[in-house]
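Note sheet for the following structure.
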Amino acid sequence: MILSRNFYKRPVQTVARELLGKRLVRQIEGNFAAGYIVEAESYDGEQDQACHARCGRTHRNAMMYGEAGRAYVYFTYGMHWMLNCVCGNDGYPAAVLIRAIHPVEGFDLMSKNRPGIKESLWCDGPAKLTKALEITGELNGIDLCDPISPLKIEDGIDIPVNTIQTSARIGIQSTPEPWLSMPWRFFTIIPENFKEQV
DNA sequence: TCTTCGATTGTCT
DNA sequence: GACAATCGAAGAA
């Protein structure tokens with residue numbers, strides 16, 4: 001089942017934690033690929049000094065203020081795309097950065113986009129998974145709750161609570177405390193040999 | 001295995 | 001004009 005919009009209309013930390021194990025599905029002209037989310041970070045409102053919305057609403061971050069359950073895709077470092085899920089109520093800027101997934105379907109598509117790279121390294125970083133799944137700014141604002149959307153998130157596997165770990169967020173070095181140390185990164189580990197049983 | 005560093009461009013001040 | 005929610009190659013150990 002595809003995740004409902006109400007799933008995203010909750011505190012962003014809750015959404016980030018519960019996204020672990022969910023199934024990210026990318027459809028491209030009949031082809032599709034999917035993976036289970038294994039790492040996510042939450043960004044929570046204008047007061048969060050690590051959040052793109054810390055300086056208020058701009059053209060770039062406008063999507064974060066919009067409807068929950070949509071994708072916020074942005075470009076950074078001159079070459080990388082990042083995928084986020086918009087959360088919380090309309091008008092409140094919050095989103096979950098999808099940092100890593102565990103590939104389970106569409107290996108041909110991902111290997112095509114990540115040539116010469118080991119499978120375990122295809123999607124183990126936020127810019128890596130967007131490249132493997134061909135996620136770019138064209139998908140900014142796409143509805144993740146729509147069954148016919150080219151990018152959506154469905155129910156996946158249960159992640160035992162005791163395997164979920166947290167840490168400070170990554171790559172936000174110039175962020176002041178307490179935001180720098182907020183334990184808003186959630187991750188788990190799915191065994192290397194894990195394959196979907198269906 | 002670890003650390004360092006260059007790439008490269010949209011966005012905001 | 002500065003910098004960015006990063007990656008991957010290269011070199012050292």
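Keep in mind the model is a prediction, meaning the values are calculated, not measured.
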Has [X] got a side-chain N or O lying under 4.0 Å from the OP1 or OP2 atom of [N]?
X: R54(A); N: dC12(B); value: no
X: T175(A); N: dA5(C); value: no
X: R185(A); N: dA5(C); value: no
X: T76(A); N: dT6(C); value: no

Rounded off to whole Å, could you give me the [atom1]-to-[atom2] distance for the [X] and [N] pair?
X: H59(A); N: dC12(B); atom1: NE2; atom2: P; result: 8 Å
X: F75(A); N: dC7(C); atom1: CZ; atom2: C1'; result: 13 Å
X: Q49(A); N: dA4(C); atom1: CD; atom2: P; result: 13 Å
X: I172(A); N: dC3(C); atom1: CD1; atom2: P; result: 18 Å
X: W81(A); N: dC7(C); atom1: CH2; atom2: C1'; result: 16 Å
X: N61(A); N: dG10(B); atom1: CG; atom2: P; result: 18 Å
X: Y72(A); N: dA4(C); atom1: OH; atom2: C1'; result: 11 Å
X: M63(A); N: dA5(C); atom1: CE; atom2: P; result: 18 Å

Exercise for the section: Decide whether a cation-pi geometry holds between R70(A) and Y72(A); the criteria are a distance under 6.0 Å from NZ or CZ to the six-membered ring centre and an angle within 45° of the ring axis. Expected result: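 No - R70(A) does not lie over the ring of Y72(A) by the 6.0 Å and 45° rule.
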
Exercise for the section: Under 4.0 Å between any heavy atoms, over every strand shown, what does R169(A) touch: base, sugar-phosphate, or nothing? Just pick one. Expected result: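 Answer is nothing: R169(A) stays at 4.0 Å or more from every strand.
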
Handout entry: Sugar-phosphate, base or nothing in reach of A127(A), heavy atoms under 4.0 Å
Key =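 Here A127(A) touches the backbone only, sparing every base.
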
Practice task
Ignoring hydrogens and angles, answer whether the base of dA7(B) and the side-chain atoms of Y77(A) contain a donor-acceptor pair closer than 3.5 Å.
Solution key: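 No, no donor-acceptor pair under 3.5 Å.
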
Exercise for the section: Please confirm whether any donor atom in the side chain of H80(A) sits under 3.5 Å from an acceptor in the base of dA4(C), or the reverse. Expected result: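 Donor-acceptor pair under 3.5 Å: no.
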
Problem - Chi angles and distances behind the salt bridge (Lys or Arg N to Asp or Glu O under 4.0 Å) call for R26(A), E134(A) - result: CA-CA 8 Å; R26(A) 172 73 166 119; E134(A) 298 182 29; 5.1 Å; no

Exercise for the section: Starting from the 5' end of DNA chain C, give me the residue, I117(A) or C51(A), whose nearest nucleotide shows up first. Expected result: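 It is C51(A), whose closest nucleotide lies nearer the 5' terminus.
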
Practice task
Consider only side-chain heavy atoms of I, L, V, M, F, W and Y, link residues closer than 4.5 Å, and tell whether V15(A) and L144(A) are in one cluster.
Solution key: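 Yes, it is one cluster - the side chains of V15(A) and L144(A) are joined through contacts under 4.5 Å.
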
Exercise for the section: Please name the residue in the list L129(A), T130(A), L139(A) that meets the side chain to side chain contact (heavy atoms under 4.5 Å, CB included) test with W81(A). Expected result: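 When side chain to side chain contact (heavy atoms under 4.5 Å, CB included) is applied between W81(A) and each of L129(A), T130(A), L139(A), only T130(A) qualifies.
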
Exercise for the section: Would you name the heavy atoms of L83(A) and V73(A) that are closest together and state the gap between them? Expected result: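 Looks like CD1-CG2, 4.0 Å.
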
Practice task
Could you tell me which non-hydrogen atom of Y43(A) sits nearest to which non-hydrogen atom of I170(A), and how far apart they are?
Solution key: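 In this case the closest contact between Y43(A) and I170(A) is OH-O, 4.4 Å.
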
Measure from the side-chain heavy atoms of [X] and tell me the nearest of [options].
X: K128(A); options: dT13(B), dG8(C), dA5(C); result: dG8(C)
X: M82(A); options: dG8(C), dT6(C), dA5(C); result: dT6(C)
X: M79(A); options: dT6(C), dA7(B), dT13(B); result: dA7(B)

Practice task
Write down the partner of dC12(B) under the Watson-Crick or G-U wobble criteria, each distance required to be under 3.5 Å.
Solution key: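 dC12(B) is paired with dG1(C).
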
